[in-house]
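Both backbone and side-chain heavy atoms feed into the values below; hydrogens, waters and symmetry mates do not.
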Amino acid sequence: MFNPTDSLEVNLDRAAGDVIDGEAIIINLTTGVYYSMQGIGGEIWAMLNERRSFGAMLDAIAATYDVTADEARRDLDTVLGQLLDEGLIQVASTPATEHAAKAAEAKKPYQRPVLQVYRDMQELLALDPPAPGMNQIAWNERGTNGK
């Protein structure tokens, strides 16, 4: 689905999220659905906040975890596809910020990234239109208006 050069970023018009103790907690501001991704998923969310390309994310996972390139590519493609389908990320129109993958001394055990979806509070959490100040949060986190 994704090409190695595809630049990916958080859709700041629809999503707010943060990584806390290695777990990504994400809210779809339009629907009120919230999500979590632990472990590698939290790292993927952090890389999306850095606007990395699919290839750079794949390289970072392969350098850090004990996983084959094919398995990492398939799992990354799946979880990014889910995030895209939920409207939480988007393919950026500008080139990604590239980071060289660091070789780990000893690779960590690999566990497939999983997007957990929680729809039980969506009416309470939905912000349509987003609450005043939500775009300001994105501004402060990135130092830009997220565009």
Side-chain angles (χ1 to χ4, degrees), residues 1-127 130 134-135 137-144 146-147:
M1 175 191 248
F2 295 98
N3 295 317
T5 57
D6 284 343
S7 300
L8 301 163
E9 65 185 0
V10 174
N11 182 351
L12 294 174
D13 292 332
R14 293 193 66 179
D18 201 1
V19 179
I20 302 167
D21 293 330
E23 179 181 10
I25 306 294
I26 309 151
I27 298 173
N28 185 321
L29 301 172
T30 303
T31 65
V33 176
Y34 64 104
Y35 312 82
S36 76
M37 294 192 302
Q38 297 182 359
I40 297 168
E43 294 178 35
I44 291 168
W45 188 257
M47 289 188 275
L48 287 165
N49 276 315
E50 295 172 351
R51 295 192 51 236
R52 292 198 193 185
S53 70
F54 179 84
M57 286 188 267
L58 185 59
D59 290 346
I61 291 168
T64 305
Y65 293 94
D66 186 18
V67 61
T68 65
D70 288 340
E71 184 179 8
R73 180 178 295 108
R74 182 182 61 245
D75 292 344
L76 182 61
D77 194 63
T78 297
V79 78
L80 291 176
Q82 291 170 328
L83 291 165
L84 185 67
D85 290 345
E86 293 287 330
L88 303 172
I89 66 169
Q90 58 194 7
V91 176
S93 58
T94 57
T97 305
E98 297 302 333
H99 299 269
K102 298 177 188 175
E105 290 180 15
K107 292 191 176 190
K108 300 176 186 177
Y110 181 77
Q111 188 172 22
R112 186 173 118 275
V114 175
L115 179 65
Q116 299 290 329
V117 181
Y118 304 93
R119 300 186 192 283
D120 58 325
M121 294 181 59
Q122 75 185 85
E123 288 182 23
L124 177 65
L125 296 174
L127 301 174
M134 289 309 294
N135 287 336
I137 291 170
W139 181 283
N140 292 336
E141 289 175 355
R142 284 225 173 132
T144 68
K147 305 284 181 202

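- The nearest pair of heavy atoms linking Val114 to Met37 is O-CG, 3.5 Å.
- Side-chain contact annotation: Tyr35 with Gln82, donor-acceptor N/O pair under 3.5 Å absent.
- To the nearest 0.5 angstrom, Ile40 atom CD1 is 9.0 Å from Thr64 atom OG1.
- Using a 4.5 Å heavy-atom cutoff, the side chains of Leu83 and Leu48 are in contact.
- Val79 and Pro113 get closest at one heavy-atom pair: CG1-CG, 4.1 Å.
- Atom-to-atom distance recorded for Asn28:CG and Tyr118:OH is 15.5 Å, nearest 0.5 angstrom.
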Output, in order, the C-alpha distance, side-chain angles, deciding distance and verdict of side chain to side chain contact (heavy atoms under 4.5 Å, CB included) for Arg112 and Thr78. CA-CA 10 Å; Arg112 186 173 118 275; Thr78 297; over 6 Å; no

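- Side chains of Leu8 and Leu84 form no contact here, defined as non-hydrogen atoms less than 4.5 Å apart.
- Enclosure of atom CD in Gln111 is not indicated, since only 12 or fewer non-hydrogen atoms of other residues, nucleotides or ligands lie within 6.0 angstrom.
- How far CD of Gln116 is from CD1 of Ile26: 11.0 Å, rounded to the nearest 0.5 Å.
- Residues Glu23 and Ser36 form a side-chain contact, since some pair of their non-hydrogen atoms from C-beta on lies under 4.5 Å apart.
- By the 30° and 60° cut-offs, the orientation of the rings of Phe54 relative to Phe2 is parallel.
- Atom CD1 of Ile27 and atom OH of Tyr34 lie 9.0 Å apart (nearest 0.5 Å).
- What you find for Leu80 and Ile89 is that their closest heavy atoms are O-CD1, 3.5 Å.
- The nearest pair of heavy atoms linking Trp45 to Leu88 is CH2-O, 4.2 Å.
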Walk me through whether Glu86 and Thr31 qualify under side chain to side chain contact (heavy atoms under 4.5 Å, CB included). CA-CA 10 Å; Glu86 293 287 330; Thr31 65; 5.8 Å; no

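- A salt bridge links Arg73 with Asp70; the closest basic N to acidic carboxylate O contact falls under 4.0 Å.
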Between Glu43 and Arg52, does the salt bridge (charged side-chain N to carboxylate O under 4.0 Å, His left out) criterion hold? Intermediate values first, please. CA-CA 12 Å; Glu43 294 178 35; Arg52 292 198 193 185; over 6 Å; no

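- In this structure, the separation between CG on Asp6 and CE on Met57 is 9.0 Å, given to the nearest 0.5 Å.
- Between Gly87 and Arg14, the closest heavy-atom pair is O-CB, 3.6 Å.
- Here the shortest heavy-atom pairing between Ala46 and Val19 reads N-CG2, 4.2 Å.
- Counting non-hydrogen atoms of neighbouring residues, nucleotides and ligands closer than 6.0 angstrom, the CG atom of Asp85 exceeds 12 such neighbours.
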